[in-house]
Visitor: 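So that we are looking at the same thing, I have put the structure below in C-alpha cells.
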Number of protein chains: 2
Amino acid sequence: MDDDAQNEDTTGEQQLARVFEFFNEIGIINQLSTALFQKRLPDGVTVAQFSVLNHLTRVMDGQTPLKLASAFQVPKTSMTHTLAGLEKRGLVEMRPNERDGRSKTVWLTPAGRTFREMSIASLMADMARLQSQLDVPAMVNAVPTLSEVRKVLDQDRD
Amino acid sequence: MDDDAQNEDTTGEQQLARVFEFFNEIGIINQLSTALFQKRLPDGVTVAQFSVLNHLTRVMDGQTPLKLASAFQVPKTSMTHTLAGLEKRGLVEMRPNERDGRSKTVWLTPAGRTFREMSIASLMADMARLQSQLDVPAMVNAVPTLSEVRKVLDQDRD
DNA sequence: ATTATTTAGTTCGAAATCGTACTAAATGGA
DNA sequence: TCCATTTAGTACGATTTCGAACTAAATAAT
C-alpha cells in the first residue's frame, strides 16, 4: 500500500512534469510560428485576421461572429475586434442576419478572397524552404493527438 | 513531366493544408491551456510569470534576463516586463551581475519558491481530473516531434 | 400579452506583447 | 589609449487580448 501510494505520487509528479513539457513546447511553437507567419502577411494584417479569412473560405462564409468565436475558441470580444480590423481593410463585409435581428453575418469580399490567395501563395514559398527541414509526416501523425487534447480542454472549461 | 509537375503542386498544397492544420491545433491548444492554467493561478500572476518561476527552479536561478528571454523565445522587452511583475510581487529578486556591469541576475526569493510549490499543488488537482480524459502517453509520444518542430522554427528565424 | 430571462454583439478599460529607439557597459581595433 | 561597435537592459508607444458591463433583440414563463 505504501509502495503503491508513493508510486502513484511519483508518477503523478512525473506526469505533471511531462504534461508541462508538452504544453511548454506547444507554447513556444505557437510563439515562433505566429511570429514567422506574421512577418509574411502584408500590411499589418494579423494572423488572427488571416485565420478568419481562411476559415471563411474553407468552411463557407455567411457565419455569425459568435460562431466564428467558438470555432477559434476565443472570447467574442476578441472576435469583434478581429472582424473590425478585417472590415476596416475591406476584406470582409458584415450584413444583418435575416433570421435574427441581434445578429450579423460575415461575408468575404472579393478583395478578401484575393488577399487570402496571395497570402497562401506567399506562404508556399516559405513552406518550400521549411519542408526540407520539417518532418511533415511526423507532424501529420501528431495531429490526431493534438485534436484529442484540444477537445478535452475544450469540454473541460467551466 | 506534366504529371509530375501537377503532382508536386497538389502535394504541396495538401501539405500546406496539413501543416496549417497542425499549427492551427497548436494555436487553439495554447489558447485553451493558457486560459485554463491562468484561472488556477492566484492573484493575477500570469502564465508567463509562472513559467519563469518554474524555469528558475528547474534549471537553477541566477540567470540573466537575456538568457531567460532566449530560453522562452520571447523578445527581451517582454521578459523585462514579466520580470518586473515578478519582482513587484516579491517572487524574484534582481541582483547586479558581477561579471558584467550592464547585466543583472535573477534569483528566486523564498516567497517565489513557495508560490511555485503551491501553484504546482493546485495544478495537481486539475491534473487528476484531466488525466482520466487526456491520453498522456500519446502526449508524451508527441513531445519529440514538437521539440523537433520547435528547433527548426527557431533556427529558421532571420 | 406582458414580463423575465437568455442571447448576440459592442463599448470600455486593464493588462500583455513586442518593435523601435534609447542608455550604459563591454569589447575590439587603430 | 581612444574611438567604434556590439551587447544588456529599459522606456515608450502601438496593438492585441479579453473580462465586465452594457444595449437590443429573441425566447420563455406566467
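Throughout, protein chains are lettered first and strands after them, A, B, ... in sequence-line order, and every chain is numbered starting at 1.
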Visitor: Select from B:G101 and B:P75 the residue whose nearest nucleotide in DNA chain C is closer to the 5' end of that strand.
Guide: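 Closer to the 5' end of DNA chain C: B:P75.
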Visitor: Closest nucleotide of DNA chain C for B:T46 versus for A:H81: which of these residues is on the 5' side?
Guide: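 Going by which nucleotide is closer to the 5' end, it is A:H81.
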Visitor: Can you check the A:R95 CZ to C:dG9 P distance for me, whole Å?
Guide: 16 Å
Visitor: Please tell me whether B:L123 and B:L41 are part of a single hydrophobic cluster in this structure, the criterion being side-chain heavy atoms less than 4.5 Å apart.
Guide: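 In one cluster with B:L123: B:L41, yes.
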Visitor: How many whole angstroms separate atom CD of A:Q73 from atom P of D:dG19?
Guide: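 Distance check: A:Q73 CD to D:dG19 P gives 13 Å.
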Visitor: Please tell me whether B:T109 and B:E93 have a donor and an acceptor in their side chains that are separated by less than 3.5 angstrom.
Guide: no
Visitor: Ignoring hydrogens, what is the shortest heavy-atom contact between B:Q38 and B:T46? Give both atom names and the distance.
Guide: OE1-CA, 3.2 Å
Visitor: What is the distance, rounded to the nearest whole Å, between atom CZ of B:R89 and atom C1' of C:dA15?
Guide: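 Going from CZ in B:R89 over to C1' in C:dA15 covers 11 Å.
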Visitor: Would you mind reading off the distance between B:L41 atom CG and C:dA16 atom P, rounded to a whole angstrom?
Guide: 12 Å
Visitor: Round to a whole Å and report the spacing from CD of A:Q38 to C1' of C:dT17.
Guide: 12 Å
Visitor: Apply the side chain to side chain contact (heavy atoms under 4.5 Å, CB included) test between A:L32 and each candidate in B:L153, B:V152, B:V149; give the one that qualifies.
Guide: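 Only one of B:L153, B:V152, B:V149 forms a side chain to side chain contact (heavy atoms under 4.5 Å, CB included) with A:L32, namely B:L153.
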Visitor: So, does B:S122 use its side chain to make a donor-acceptor pair with the main chain of B:M118 at under 3.5 Å?
Guide: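 Not confirmed, B:S122 side chain does not pair with B:M118 backbone.
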Visitor: What string of B, S and - do you get for nucleotides 7-13 of chain D 5' to 3' if you count protein non-hydrogen atoms under 4.0 Å?
Guide: BBBBB--
Visitor: Could you check A:T82 against A:R99 and say which one's nearest nucleotide on DNA chain D is further toward the 5' end?
Guide: A:T82
Visitor: Would you say a side-chain N or O of A:Q31 is under 4.0 Å from OP1 or OP2 of C:dC18?
Guide: yes
Visitor: Counting the benzene-type ring for Trp, do A:F50 and A:F37 have ring centres under 6.0 Å apart?
Guide: yes
Visitor: On DNA chain D, compare the nucleotides closest to B:A35 and A:Q49; which residue's is nearer the 5' end?
Guide: A:Q49
